[in-house]
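Remarks on the structure that follows.
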Amino acid sequence: MSEVTLEDIASLAKRRGFLYQGSEIYGGLAGTYDWGPLGVQLKRNITNLWWKTFVEDRDDVFGLDTAILMNQKVWQTSGHVSGFNDPLFECGNCRNRFRADHLVETWVEKHAKEVKAADLPKYEQSPATLNVYKNTLNMTCPTCGKQELSDVKQFNMMFKTHVGAVEDETSVSYLRPETAQGMFVNFKNVVDSFYPDLPFGLAQIGKAFRNEIAPRDFIFRLRELEQMEIEFFVHPENWRESFDIWLERQRQFLMNLGLPESKIHQVEIGPEDRAHYSKHSVDTEFDFPFGQKELYGCAYRTDYDLSKHQEASGKNLEYRPKDGSAPFIPHVIEPTFGVDRTVLAVIATAYTVDTVNGEDRIVLKLPEHIAPVKMCISPLLKNKPELVATAREIYATLKKKHGAVMWDDNGNIGKRYRRQDEIGTPKCVVIDFQTLEDGTVTVRDRDTTEQHRATIDELLG
RNA sequence: GCGGGUAUAGUUUAGUGGCAGAAUGUAUCCUUCCCAAGGAUGAGAUGCGGGUCCGAUUCCCGCUACCCGCACCA
């Protein structure tokens, strides 16, 4: 069996109604995809499993669904505005980055004579002016000394927008780049409503937006993405224990989706590569067709966010232990799960090419509990009214029970099997002449292609 | 964002400065007692915008999207 490529997966996804290029009839929009009927069902099965596992089945995690648009002060406080809106020079040699305005200003102070001699425009913090200063003054990298500083790069990765019809500085807001802040700003609300014991968590599933420089690899890097995130609040002394537990839960969740353990790798992230809020990070990576890449992240956000918000908002965000001991700001363990990446990993894992009767067959070996269609009902022959009528009845019965049941009487039975194989339907149920005699049906298994007879009651169970 | 490549039907693809062809899928009908059988009929394509030309899907330019490197990825 040859390696499955991302293009094979994208082609199948489109052909069978899982995913389409966003805004396709207008030439597309980079980094956006639209979920088709089967794709949204598969995705929803996965997010539902997550919600059940981490919210419904637990009594220490509370669900939320917070607004995508938030007061701009949230993003100033969280560090997302200042950390990512600044003009930067990047050194082509050592790859370090520097605040362009700061670098130019200190350079001007230190090299007053050259500056006076040079023909420079009036100083201002525009990228064009900063570039002119850098080039005219032959500025070098403060770290390695090479004269390889790039022109100004703006790493403002948040989508900026305006709330209300008037576009001025006070109306600025951003599409959230992470769902986390919605949970931090509601920490006090949930504590006041439910007075939970520590440790406890907040969870939500929702869209986040990142103005990626280069969206890439089908739905792996999107500008509009979906996250399943938990902010788990702990006593600072216990962070490590919780961290390791959540890491293991992330691995277990992937294995519940049928991913092989051998393709899951948990990798500690060095201080250089960590997010600005994180004191310890471990990525859960997966062997995608295009390489080993990040699927999930787990970060120890300390009390960074709650402390910042307490300071900026003036609201007390401390946790008050019920034993009367001193209030404190809890620390946070944040396991975050990318929805789109999970779907991609699941499809990549399930995508199989094998041989049936000497012919290649594409089959999505999805675990039954997340398959978008659970079973397909067919009359053996569609020109035999008695078969069709009985099949229709059985279809109605099974659909009422299971919901995700499909009817197919197109072509011959082999074609229907192949079509269902491609969308990962675990069982095909065929109503044949024996059904008319004893009520049993043929059930064909997706993975083995083997058939056996079963009663309707067995299928209802 | 930089460099390179690609763009023809839902999918996979052929071809051409002068009517765009196939396979497969798909629709309707016939046929069919179990793994893409067969027959008939039908719908369906040159990414978008400009230029050259009598005429552009083909040549040129721009844009967009996708793919491959690099960089980026809170």
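Each chain gets a letter, A, B and so on, in the order the sequences are listed, and its residues count up from 1.
- If you check B:A71 for Watson-Crick or wobble pairing at under 3.5 angstrom, you find it has no partner at all.
- Among the atoms of the strands shown, none is found under 4.0 Å from any heavy atom of A:Glu334.
- Nucleic acid contact class of A:Asn383 (heavy atoms, under 4.0 Å, all strands): base.
- Of the side-chain N and O atoms in A:Ser78, none sit less than 4.0 angstrom from OP1 or OP2 of B:A74.
- Stacking annotation: A:Tyr26 is not stacked on the base of B:C48 (requires ring centroids less than 5.5 angstrom apart and an interplanar angle below 30 degrees).
- The residue among A:Arg16 and A:Pro177 whose nearest nucleotide of RNA chain B is located toward the 5' end is A:Arg16.
- Separating the CD1 atom of A:Ile25 from the C1' atom of B:A65 is a distance of 14 Å, rounded to the nearest angstrom.
- The residue A:Glu24 sits apart from the nucleic acid: no heavy atom pair falls under 4.0 Å.
- Taking atom CZ of A:Arg418 as the reference point, atom C1' of B:U26 lies 18 Å away to the nearest angstrom.
- Atom CZ in A:Phe89 sits about 18 Å away from atom C1' in B:A71, given to the nearest Å.
- For A:Arg361 and A:Thr355, the side-chain atoms include no donor-acceptor pair closer than 3.5 Å.
- Side-chain contact between A:Met406 and A:Ile423 is present, with heavy atoms from C-beta onward closer than 4.5 Å.
- Partner assigned to B:C19 is none, using Watson-Crick or G-U wobble distances below 3.5 angstrom.
- A:His265 and A:Asp287 share a donor-acceptor pair across their side chains, judged by distance under 3.5 Å alone.
- Searching all strands for a Watson-Crick or G-U wobble partner of B:U41 with both distances below 3.5 Å returns B:A27.
- For A:Phe337 and A:Phe54, the gap between ring centers is short of 6.0 Å.
- Classification of A:Lys14 and A:Glu24 as a salt-bridged pair holds, one side-chain N sitting under 4.0 Å from a carboxylate O.
- Electrostatic pairing of A:Arg444 and A:Asp421 counts as a salt bridge here, judged by a charged N lying under 4.0 Å from a carboxylate O.
- Pairing for B:A56 is absent, judged as Watson-Crick or G-U wobble with the two contacts each under 3.5 Å.
- Note on A:Arg210: a base of the nucleic acid sits closer than 4.0 angstrom, heavy atoms only.
- A:Thr442 comes within 4.0 angstrom of a base, heavy atoms only.
- For the pair A:Arg223 CZ and B:C72 P, the computed distance is 17 Å after rounding to whole Å.
- Taking atom NZ of A:Lys293 as the reference point, atom C1' of B:C72 lies 12 Å away to the nearest angstrom.
- In this structure, CG of A:Asp34 is placed 14 Å from C1' of B:A65, rounded to the nearest angstrom.
- Note: CD1 (A:Ile9) to P (B:U11) measures 17 Å, nearest angstrom.
- At a threshold of 4.0 angstrom between heavy atoms, the contacts of A:Ala30 are confined to the sugar-phosphate backbone, with no base atom among them.
- A:Tyr33 comes within 4.0 angstrom of the backbone, heavy atoms only, and of no base.
- Contact annotation for A:Arg216: base contact, defined as any heavy-atom pair under 4.0 Å involving a base atom.
- Base-pair partner of B:U6: B:A65 (Watson-Crick or G-U wobble, both distances under 3.5 Å).
- None of A:Thr284, A:Thr342, A:Thr336 except one satisfies the side chain to side chain donor-acceptor pair (under 3.5 Å) rule with A:Tyr296; the exception is A:Thr342.
- Residue-level contact check: A:Gly31 touches the backbone only, with heavy atoms under 4.0 Å from sugar-phosphate atoms and none from bases.
- Among the heavy atoms of the strands lying under 4.0 Å from A:Lys14 are primed sugar atoms or P, OP1, OP2 only; no base atom is included.
- Counting any heavy atom pair closer than 4.0 Å across all strands shown, A:Arg444 reaches a base atom.
- Using a 4.0 Å heavy-atom cutoff across all strands shown, A:Leu380 reaches at least one base atom of the nucleic acid.
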